[in-house]
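Below is one structure, written out as C-alpha cells; comments come after it.
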Amino acid sequence: MNTAGYVSWFLALLLSPLLLGIINRTKAFFAGRRGAPLVQAYFDCWKLLQKGAVYSRTTTWVFVSGPVVGLAAVSAAAALVPLGSIGAPVSFAGDLILFAYLLGLMRFFTVVAALDTGSSFEGMGASREVWFSALAEPALLLGLAVLARETKSLSLSGMIFALTGEVWTRSGIILLLLAVALFIVLLAENARIPVDDPNTHLELTMIHEVMVLDHSGPDFGFILYGAALKLWVLSAILVGLVVPVRTGNPWLDGAAVLVGIMAVAVLVGIVESCMARLRLVRVPQLLVGAGAFSTLALILALR
Amino acid sequence: MAIATMVLGGLAALGARRPCLATRLGSGGVILGSLIGLVPAIRVLASGSAEAVSYTWSVPYGSFAVGIDPLSAFFLLPVLGISALAALYGTEYLTPYYGKYSVRGHWFFYSLLVASMSMVLVARNAVLFLVAWELMSVASFFLVTFEHHKESVRDAGWTYLVATHVGAAFLLAFFVLLGNEVGSFDFDRICAFGVPTSAGVLFLLSVVGFGAKAGFLPLHVWLPEAHPAAPSHVSALMSGVMIKTGIYGILRALTFLGPPSPWWGYLLVAIGLTSGIMGVLFALAQHDLKRLLAYHSVENIGIIALGLGVGVIGAGIGSPALIVLGLSGGLLHVLNHAIFKSLLFLGAGSVFHGTGTREIDLLGGLLKRLPWTGVTFLIGAAAICGLPPLNGFVSEFLIYLGAFRGGAVNDAAVVGTLSAVIAGLALIGGLAAACFAKAFGIIFLGEPRSDLSRTHEAGWAMRLPMGVLAAGCVLIGLLAPLALRLMAPVVAQLAPLARNVVRAELMTAAQPLAVVARGACGLLAMIGALALLRRRLLARRTIGEGVTWDCGYAQPSPRMQYTASSFAQPLTDFFRIFLWTERRISRPSGLFPRSAALHTFTPDTYREKLYAPVFRGVVWGLSRLRWLQHGRVQLYMLYIAVALMALIVWKLG
C-alpha cells in the first residue's frame with residue numbers, strides 16, 4: 001500500500017471526464033466549430049444522476065447490475081495504475097493481470113446487460129464487443145509481458161517507475177512498438193474511431209454505444225463516467241510508457257504524465273478528425289496488427 | 001471402507017425393486033461413502049504425510065496395495081465432493097425417467113464409477129490401477145448409455161468406448177514397459193527405482209494414454225459426444241471429475257520418470273495451447289448447451305496442461321518459482337474446474353429439466369422463470385471465464401504469474417514458449433468470455449424464443465448442490481491464499497525441490513494472492529456502495545417501464561432477438577479455417593420474399609477429417625479378412641488343427 005499513491009487514484013477519479021471534453025474540443029477545432037465546454041462530461045454525468053429512469057419490461061436485475069459492476073470494476077482497475085513515479089495505491093507482482101481481467105469483468109457485465117434487453121441491435125453490439133476484445137486481449141497482455149521483461153518488474157507501478165530515459169536509449173525501438181500496440185488497444189477498448197464511432201446515431205454501426213442504448217438516468221451516468229475512467233487508465237499506462245521523465249521528484253513526474261494524458265486525448269481527437277471508421281471486417285486486421293507489433297517487440301527483446 | 005459403502009449401496013440399489021427406493025439406496029450409499037472417504041483425504045492434506053495399506057492378492061503381478069499420499073488426497077477432494085453433490089442432484093433429476101429406463105442399473109453403475117475413480121486414485125499397484133481404470137471406463141459407458149433407446153446416445157457410447165480403450169491400450173504399454181524395466185508393478189518400487197532409461201518414450205505413452213481420458217486435442221473426440229448423451233449429473237461427474245483422473249495419471253507418471261526434460265514442458269504447453277484455443281472455438285460454434293460445455297472441458301484441460309507445462313519447463317531450467325507457480329496453478333485449476341464445470345452442467349440439467357430442450361436458440365428469458373439456476377449459472381459462467389473475484393481467476397493468475405516470472409530468464413526458447421502461454425491464455429480468456437456471454441445471455445436473458453410457459457424451477461435437491469458449488473466458486477476466490485496453503489504438500493510431493501523451498505515459494509506466491517483477495521473484497525464493497533448510491537438516487541424519482549427500444553419498430557417480437565448463432569457468427573467466421581462450419585442457406589427470393597433460412601452446423605473437424613478416414617480404413621482392412629470366417633464349424637476345426645500343427649513344428653524345429 002502506498003499512501004501517496006492515493007493521489008493518482010484520486011486524480012484519475014476526478015479528472016477522467018475531462019478527457020472526453022478535450023477530445024470533443026479537439027474535434028471541434030478540426031471541424032472549425034467552437035465545441036462544447038471542456039467540462040461538458042461533468043455536466044452530463046451530473047444531469048443524468050439527477051434523473052429518473054426507464055426500464056424495459058424484458059429486463060431483469062442483470063440489466064441494472066451492468067453499470068454498477070462495470071463502474072466498480074474500472075474504479076478498482078484505476079487503483080492499480082500509477083501516475084508516472086507517483087505509484088498506484090495498490091501494487092503487487094502480477095497486478096497487470098488483475099488489471100486486464102478487471103476490464104474483462106466490466107466488459108462481461110456490459111455485454112450481458114446488453115443481451116438482457118433482448119434487442120437485436122444491442123445483441124449485435126455485444127457480439128462485436130466480445131469479438132474485438134478477444135483479439136485485443138492477447139495484444140495487451142503480450143505487450144505488458146515484454147514490458148515486464150524489459151523493466152524486470154511484475155507490477156504496473158514498478159514497470160513504469162523503471163522506465164527511465166536510459167531504458168529508452170537502450171531499447172527504444174521495442175518500447176516504440178509497444179506504444180503503437182497499446183495505442184491501438186486503447187482505441188479499440190474505448191470504442192473510438194477507427195474501431196467504433198462514439199458519435200454516430202446509427203445503431204447498426206456502433207459497438208459500445210449500441211450496447212447501452214436502453215440505459216437511462218443514473219445507470220447511464222455510471223456508464224458515461226466508467227467509460228471516461230477506462231480511457232484514463234489506459235492512457236495513463238500508455239503515457240507512463242512513452243514519457244520517460246524520472247526527475248526523482250514524484251510530483252514533477254506526475255505532472256509530466258498528467259500533461260501527457262491530456263496529450264493522448266488530443267491525439268485521439270486528431271485521429272478521430274482525420275480518419276473514418278473502418279469497415280467492421282477490417283477491424284480485426286487492425287487488432288491482429290497490434291498483436292503483431294507486440295510479438296515483434298518480443299522478438300526484438302529476445303535478441 | 002468408503003469404497004465398500006459405495007459398492008454396497010450400489011448393490012442394494014440394484015436389488016431394490018422400486019426405482020424410488022433404488023434411488024435412495026444408491027445415492028445414499030455414494031453420499032455416505034464420500035463423506036467417510038473425505039476424512040482421510042483431508043487428514044493427509046493437513047498433515048502432509050502419506051498413509052498406505054497393502055494386502056496380497058491372487059492376481060499375478062498384482063497386490064492389493066492402496067495408499068493416500070497428498071497427490072491422491074488432493075484429487076480425492078473433488079471426486080468425493082462432486083460425486084456426493086451430483087448424487088443428491090440425481091435423485092430429483094431422474095424422477096421423470098422412472099419406469100422408462102433402468103434407474104436401478106443407473107445407480108449401480110454410478111456408485112461403481114465413484115468407487116472405481118477413488119480406487120484409481122488410491123491404487124499403489126499397476127495391475128490394481130489398470131483394473132480400476134477399466135472398471136471406471138465401463139461403468140461410465142453404461143452411465144452414458146442410460147437412455148439407450150435413442151440411437152444418438154448409443155452412437156455416443158460407442159465412440160466413448162472406442163476412445164477410452166485406445167487410451168487404455170497405451171497405458172497398458174506404458175505400465176508393461178515401466179514394470180519390465182523396474183521388475184515390479186508396485187508404485188513404491190517404481191518410485192524408488194530412479195530414472196528409467198526410456199523415460200521419454202514412457203512420457204509420450206502416458207501423455208497419449210492419460211490424455212485420451214483427459215480430453216487433450218486431438219484425443220478429445222469422445223467428449224462432445226458422451227457428455228451431452230449422459231444424464232446431466234453424470235455429465236457433471238464425468239466432465240468435472242472423471243477427466244481429471246487423466247491429469248492425475250500424468251502427474252503420477254511424472255513422479256515415476258525422474259527429473260523431466262525441457263521438451264516435456266514444451267510438449268505440454270503445445271498441447272495446452274491447441275486444446276485450449278480449439279476447445280473454446282468449437283464451443284463458440286455449438287448450439288447445444290451441453291455440447292458447448294463439453295468443449296469447454298477440452299479448453300480447461302488445456303489451461304491445466306499449460307500450468308503443468310510451465311511447471312515442467314521450470315523443472316527443466318531449474319527455476320523453483322516457475323515450478324511452484326505452474327504446478328500450483330495447474331492443480332488449483334483442477335479443483336476449480338471441477339467446481340464450476342459441475343455447477344454449469346447441473347445448471348444445464350436444470351434448464352433441460354425445466355424446459356425440455358438444450359437447444360440454446362430455442363430458449364431465452366429463463367432468469368425470470370428459473371431464478372436460482374440463473375444466478376448460480378451466472379456465477380459459474382463468470383468463474384469459468386476467469387473473472388475476478390471468483391476462483392477461476394486465482395488459478396489462471398498463478399499460471400500467468402509463472403509465465404511472467406519466467407520471462408526474465410536468458411533463454412529464447414523458454415521466453416518464447418512462456419510468452420505464447422501468456423498470449424494463449426489471454427486469447428482463451430477473451431473467447432471464453434464471448435462464449436459464456438452468449439450462453440448465459442441467450443438462455444437466461446431477453447424474451448423466450450419459443451413457448452416456455454410450462455417451465456418450472458427445480459426442487460431443493462437440485463438447487464442445493466448448485467448453491468453449494470456456486471458458494472465454492474466465491475469462497476475459493478476470496479480465500480485463495482488459504483487454498484494455496486492447502487496445496488503445499490501436493491506441490492512438495494511433485495516438485496523436485498526441498499520442502500522448505502516449496503514452502504517459501506508458495507509464500508511468495510501467496511502474497512499477491514492475499515492482495516487480490518483483499519482487492520476482491522474491496523470490489524464487492526464498491527459494487528455494494530454503488531448499488532446503494534443508485535437506489536438512493538432513484539428513491540424519489542419516477543421510474544418508467546416500457547418495451548425495449550428497437551429503433552421505432554411498432555411490434556417487436558421475440559423472434560427479432562439476436563440468437564446464439566448470430567452472436568457467435570463473426571467469431572466463428574473469423575476462425576473458419578479451424579472450424580469448417582457447414583451452412584445451409586435458403587436465400588430470400590422475389591420481390592416479396594416469403595421465407596429465408598440459415599442453418600449452421602459445426603462438426604468436430606478432428607472426428608470428420610482425422611478419425612473417420614482412419615476408422616474407415618480399418619474397417620476396409622478388416623473386411624478383407626472376412627473370407628476367413630464362414631460360420632462353418634468344420635473350417636474352424638481346420639484352423640485349430642493347422643495352428644496346433646504349426647506350433648508343434650515351431651517347438652520341435
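Chain letters run A, B, ... following the sequence lines, proteins first and then strands; every chain starts at 1.
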Review point. Under 4.5 Å between any side-chain heavy atoms of B/Pro512 and A/Asp95, yes or no?
Key: no
Practice item. Please report the closest heavy-atom contact between B/Leu537 and A/Pro218, naming both atoms and the distance. Key: CD1-CB, 4.0 Å
Review point. Okay, side chain of A/Lys51, backbone of B/Leu538: is any donor-acceptor separation there less than 3.5 Å?
Key: no
Review point. Between A/Phe132 and B/Phe574, does the ring centre distance come in under 6.0 Å?
Key: no
Exercise for review: Rounded to the nearest 0.5 Å, what's the gap from CE on A/Met106 to CG on B/Leu387? Could you check?
Suggested key: 13.5 Å
Practice item. Please determine which of A/Leu49, A/Val64, A/Leu71 meets the side-chain contact (heavy atoms from CB on, under 4.5 Å) test together with B/Arg534. Key: A/Val64
Point to revise | Distance (rounded to the nearest 0.5 Å) between B/Leu390 CG and A/Leu105 CG | key: 8.5 Å
Point to revise | Under 4.5 Å from a heavy atom of chain A, the part of B/Ser566 involved | key: backbone
Check your understanding: What part of A/Gln50 is in contact with chain B, defined as an atom under 4.5 angstrom from a non-hydrogen atom: side chain, backbone, both or neither?
Key -> both
Review point. Between the side chain of A/Ser56 and the main-chain N/O of B/Val547, is any donor-acceptor distance below 3.5 Å?
Key: no
Practice item. Can you tell which part of B/Glu396 gets under 4.5 Å to a heavy atom of chain A, answering side chain, backbone, both or neither? Key: side chain
Exercise for review: Scan side-chain atoms only and decide if B/Gln561 and A/Ser120 contain a donor-acceptor pair under the 3.5 Å cut-off.
Suggested key: no
Practice item. Using non-hydrogen atoms and a 4.5 Å limit, figure out which bit of B/Ile428 sits close to chain A: side chain, backbone, both or neither. Key: neither
Exercise for review: Check whether A/Ala148 gets within reach of chain B through its side chain, its backbone, both or neither, counting any heavy atom under 4.5 Å.
Suggested key: side chain
Check your understanding: Is chain A contacted by the side chain of B/Cys385, its backbone, both, or neither, given a heavy-atom distance below 4.5 Å?
Key -> both
Practice item. Please work out whether the ring planes of B/Phe393 and A/Tyr101 are parallel, tilted or perpendicular, with thresholds of 30° and 60°. Key: tilted
Practice item. Below 4.5 Å from any heavy atom of chain B, which atoms of A/Tyr55 appear? Answer side chain, backbone, both or neither. Key: both
Point to revise | B/Leu367, part contacting chain A, at a heavy-atom distance under 4.5 Å | key: side chain
Check your understanding: Taking the side chain as C-beta and beyond, is there a heavy-atom pair between B/Phe404 and A/Leu96 under 4.5 Å?
Key -> yes
